[in-house]
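These notes concern the structure reproduced below.
Chain letters run A, B, ... following the sequence lines, proteins first, then strands; residues in each count from 1.
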Amino acid sequence: MPAASEKVRLRFAPSPTGYLHIGGARTALYNYLYARKNGGSFILRIEDTDEARSTDESLRRVMEDLQWLGLEWDEGPHPETLVDQGPLGPYRQSRRLAIYRSVAEELLRAGKAYYCFMTDAEIEAQKQQAQQEGRHQHLNSPYQEWPLERSLERIKAGDSAVVRFRTSVGKEYVLHDLVRGEVRFPSDMVGDFVLLRSGGMPVYNFCCVVDDHLMKISHVLRAEEHLPNSLRQMMIYESMGWELPRFGHLSLVLDEDRKKLSKRRGATSCHEFKLEGFLPEALNNYICLLGWSHPEEKEILTGTELIDAFSLDRFHPAGAAFDIAKLRWINATHLRAKSDDEIWRLIDPFLKEAGLKLPEDPAWHKRSVAVFKTNLETLVDAVELYRPISDPHFAIVPEGQETLAWESSRKVIETWKGLLQAETSDHLTGEGFLKLQDRVKEMAQVKGKFLFMPIRVAVIGKPHGTELKILVPLISRHSLIQRAEKCLS
RNA sequence: GUCCCCAUCGUCUAGCGGCCUAGGACACCACCCUUUCACGGUGGAUACACCGGUUCAAAUCCGGUUGGGGACGCCA
């Protein structure tokens with residue numbers, strides 16, 4: 001248990017191998033929330049020891065996503081320059097290699113680690129055998145007891161070796177987990193694991209411990225899949241005589257099939273949700289509630305409310321399935337709470353992206369948002385809502401053609417057009433439209449669907465859709481006349 | 001296969017031995033509002049996986065079974 005005087009320091013440690021995925025975002029959020037709630041620090045550390053997969057491009061993406069979510073870090077690479085900021089850097093593991101090597105040497109000298117010259121084939125064979133015999137797939141290295149000097153000589157002779165940690169046998173490790181309580185691991189749950197690859201590059205479990213210790217991390221909130229890693233890490237802490245941080249192993253975020261949400265399966269990155277028109281505050285709100293609950297069961301929470309309410313004692317240990325319908329609802333709720341101006345500002349880029357041509361008038365923007373916002377769940381929903389209004393997108397669908405083919409339709413539309421031409425204002429009001437519609441009814445001597453549907457086609461090109469009383473006032477009279485003419489030709 | 005974790009409505013969850021004939025939210029259904037949608041309102045259906053204990057009392061504690069998930073890498 002860290003001393004009370006010790007500062008609360010949490011980190012998020014992604015590997016830059018793609019976009020930030022939703023499970024990672026949730027982990028980052030919890031760490032961020034706890035740091036903020038307790039006046040501590042939130043550190044971004046980059047776990048880029050997998051040279052083959054780590055790229056600066058991915059790193060930038062991950063940082064962009066984090067920033068989009070509003071999870072600002074106090075220490076770590078600067079979002080633009082990537083230059084490390086903070087007293088305990090560098091914060092990219094690829095820049096800390098010398099540190100890991102010196103710790104590895106210390107373990108080697110103390111006999112807590114050893115060089116292993118096993119080939120992949122030898123390892124594979126042992127694994128196969130272990131599986132057949134129904135044992136743990138542990139490796140039993142013949143080099144375990146080699147004196148350091150002997151190994152060093154062999155290396156000097158040109159052989160390459162990995163450095164393995166010597167795991168203890170017959171012991172029990174007890175982890176006091178923040179979300180799971182006491183977790184007991186038999187020490188032989190894991191085999192001698194690699195600390196340094198044959199090229200000298202350290203691996204995750206090792207870097208993680210060294211960095212968490214050196215960066216004075218007080219709490220580690222990470223996904224449940226790391227539970228076995230925590231055992232390995234506890235062993236390293238123990239052999240270095242370092243104090244353990246507090247661990248909390250979060251339940252996993254599962255997909256609709258209750259399988260681990262995986263990067264490979266796609267459709268799970270934070271970035272995609274941004275593109276689909278979700279609000280960062282809504283995404284934070286939703287993912288926070290996957291495996292954690294508000295003490296009063298409040299479900300709609302802003303960023304600050306999340307910080308205020310956050311605590312470590314309300315995690316639910318079971319895996320949680322991601323439910324897009326609920327995310328949509330939360331998103332809609334956050335969206336509708338905004339002012340019409342703000343909503344326009346948010347949907348505008350999506351409308352432009354879709355190539356919609358809409359009036360520039362701010363008053364019109366506001367008016368349109370006022371009528372559409374109860375139909376908006378995500379920002380992209382706006383595209384389909386506004387599409388019928390955009391002149392270049394006016395097209396008569398086949399079903400609309402059928403409506404126009406009715407005997408009475410031509411007369412209805414001609415009447416409608418004539419009445420529009422007799423008007424003077426740029427835009428009709430909802431009431432004005434209803435009056436006009438009534439006059440068409442009288443003059444053309446039709447009613448029911450024979451009245452409504454042709455007019456609708458003359459307005460939006462299809463016989464079904466949003467209420468005309470709402471739509472018509474958003475389309476200029478001039479444009480309505482043109483649309484009617486198109487139907488007549 | 002081995003080890004670890006988990007188990008309340010379809011989904012997210014509340015519940016931490018009596019307030020539970022199990023509460024909320026999303027989704028679903030019905031009705032109301034509204035001359036179509038949406039929003040909003042009201043109501044409804046739906047869950048403690050199973051079996052044993054412990055206890056005066058168990059969704060809550062213990063054991064087992066079953067089911068689900070995760071980990072078994074020179075990935076993180």
CA sep, side-chain torsions, deciding dist, call: Thr268(A), Tyr19(A), side chain to side chain donor-acceptor pair (under 3.5 Å): CA-CA 9 Å; Thr268(A) 54; Tyr19(A) 287 105; over 6 Å; no
Audit row: Asp192(A), Tyr114(A), side chain to side chain donor-acceptor pair (under 3.5 Å) steps and yes/no: CA-CA 10 Å; Asp192(A) 290 358; Tyr114(A) 60 92; 2.6 Å; yes
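Here A71(B) is the nucleotide among C4(B), A71(B), G69(B) with the atom lying nearest to any side-chain atom of Glu225(A). Comparing C37(B), G1(B), A76(B) by their closest approach to the side chain of Gln131(A) singles out G1(B). Between A71(B), G69(B), C74(B), one nucleotide has an atom nearer to the side chain of Val194(A) than all others, and that is C74(B).
Looking at heavy-atom distances under 4.0 Å, His249(A) makes no contact with the nucleic acid at all. At the heavy-atom level, Val190(A) lies nowhere under 4.0 Å from the strands shown. Heavy atoms of Ile470(A) sit nowhere under 4.0 angstrom from any nucleic acid atom. Among the heavy atoms of the strands, none lies under 4.0 Å from Asp188(A). Within 4.0 Å of Leu376(A), counting heavy atoms only, lies no atom of the nucleic acid at all. Among the protein residues, Val203(A) comes within range of the sugar-phosphate backbone only, with heavy atoms under 4.0 Å from sugar or phosphate atoms but none that close to a base.
For the residue pair Tyr286(A) / Asp323(A), no side-chain donor-acceptor distance below 3.5 Å is found, with atom types taken as modelled.
Here, G43(B) and C61(B) have their P atoms 33 Å apart, quoted to the whole Å. Comparing the P positions of C12(B) and A58(B) gives an interatomic distance of 28 Å, to the nearest angstrom. Between U60(B) and G17(B), the distance separating the two C1' atoms is 7 Å to the nearest Å. Distance check on atom C1': A59(B) versus C20(B) gives 9 Å, rounded to whole Å. For the C1' atoms, the distance from C3(B) to G53(B) is 27 Å, rounded to whole Å. Distance check on atom C1': A47(B) versus G24(B) gives 14 Å, rounded to whole Å. Taking atom P in both G23(B) and U65(B), one finds a spacing of 33 Å when rounded to whole Å. Spacing of P atoms, U35(B) relative to A25(B), comes out at 28 Å, to the nearest Å.
Contact between the side-chain N/O atoms of Lys127(A) and the OP1/OP2 oxygens of G73(B) is found at a separation under 4.0 Å.
Of all nucleotides present, only C62(B) satisfies the Watson-Crick or G-U wobble test against G52(B), with each distance under 3.5 Å. When Watson-Crick and G-U wobble pairs are counted only if both distances are under 3.5 Å, G40(B) pairs with C32(B). The partner of C19(B), taking Watson-Crick or G-U wobble pairs whose two distances both stay under 3.5 Å, does not exist in any strand shown. In this structure, U2(B) and A71(B) make a Watson-Crick or G-U wobble pair, each of the two defining distances being under 3.5 angstrom. Across all strands shown, A25(B) pairs with U11(B); the Watson-Crick or G-U wobble distances both stay below 3.5 Å.
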With 3.5 Å as the limit, what N/O pairs link the protein to nucleotides 9-13 of chain B?
from	atom 1	to	atom 2	distance (Å)
C12(B)	OP1	Arg258(A)	NH1	3.1
C12(B)	OP1	Ala321(A)	N	2.9
C12(B)	O2'	Leu289(A)	O	2.9
U13(B)	OP1	Gly291(A)	N	2.5

Contact pattern, 5' to 3', of nucleotides 39-51 of chain B - B, S or - by protein heavy atom under 4.0 Å: S------------
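Under 3.5 Å, the side chain of Asn229(A) and the base of A71(B) form no donor-acceptor pair of N or O atoms.
Partners of Asp48(A) according to the salt bridge (charged side-chain N to carboxylate O under 4.0 Å, His left out) rule, which considers only residues two or more places apart in sequence or in another chain, are Arg92(A). Here Arg95(A) pairs with nothing under the salt bridge (charged side-chain N to carboxylate O under 4.0 Å, His left out) rule; sequence neighbours left out. Take Glu122(A) and apply the salt bridge (charged side-chain N to carboxylate O under 4.0 Å, His left out) test, not counting sequence neighbours, and it matches no residue. Among residues two or more places apart in sequence or in another chain, the ring-ring contact (aromatic ring centres under 6.0 Å, His included) test is passed with Tyr34(A) by His219(A).
Screening Gln132(A), Glu133(A), Gln131(A), Gln126(A) for a side chain to side chain donor-acceptor pair (under 3.5 Å) involving Gln129(A) leaves a single residue, Glu133(A).
Ring-centre distance between Trp73(A) and Tyr32(A): not below the 6.0 Å cut-off. Aromatic ring centres of Phe206(A) and Phe165(A): separated by at least 6.0 Å.
Counting non-hydrogen atoms of neighbouring residues, nucleotides and ligands closer than 6.0 angstrom, the CD atom of Glu238(A) exceeds 12 such neighbours.
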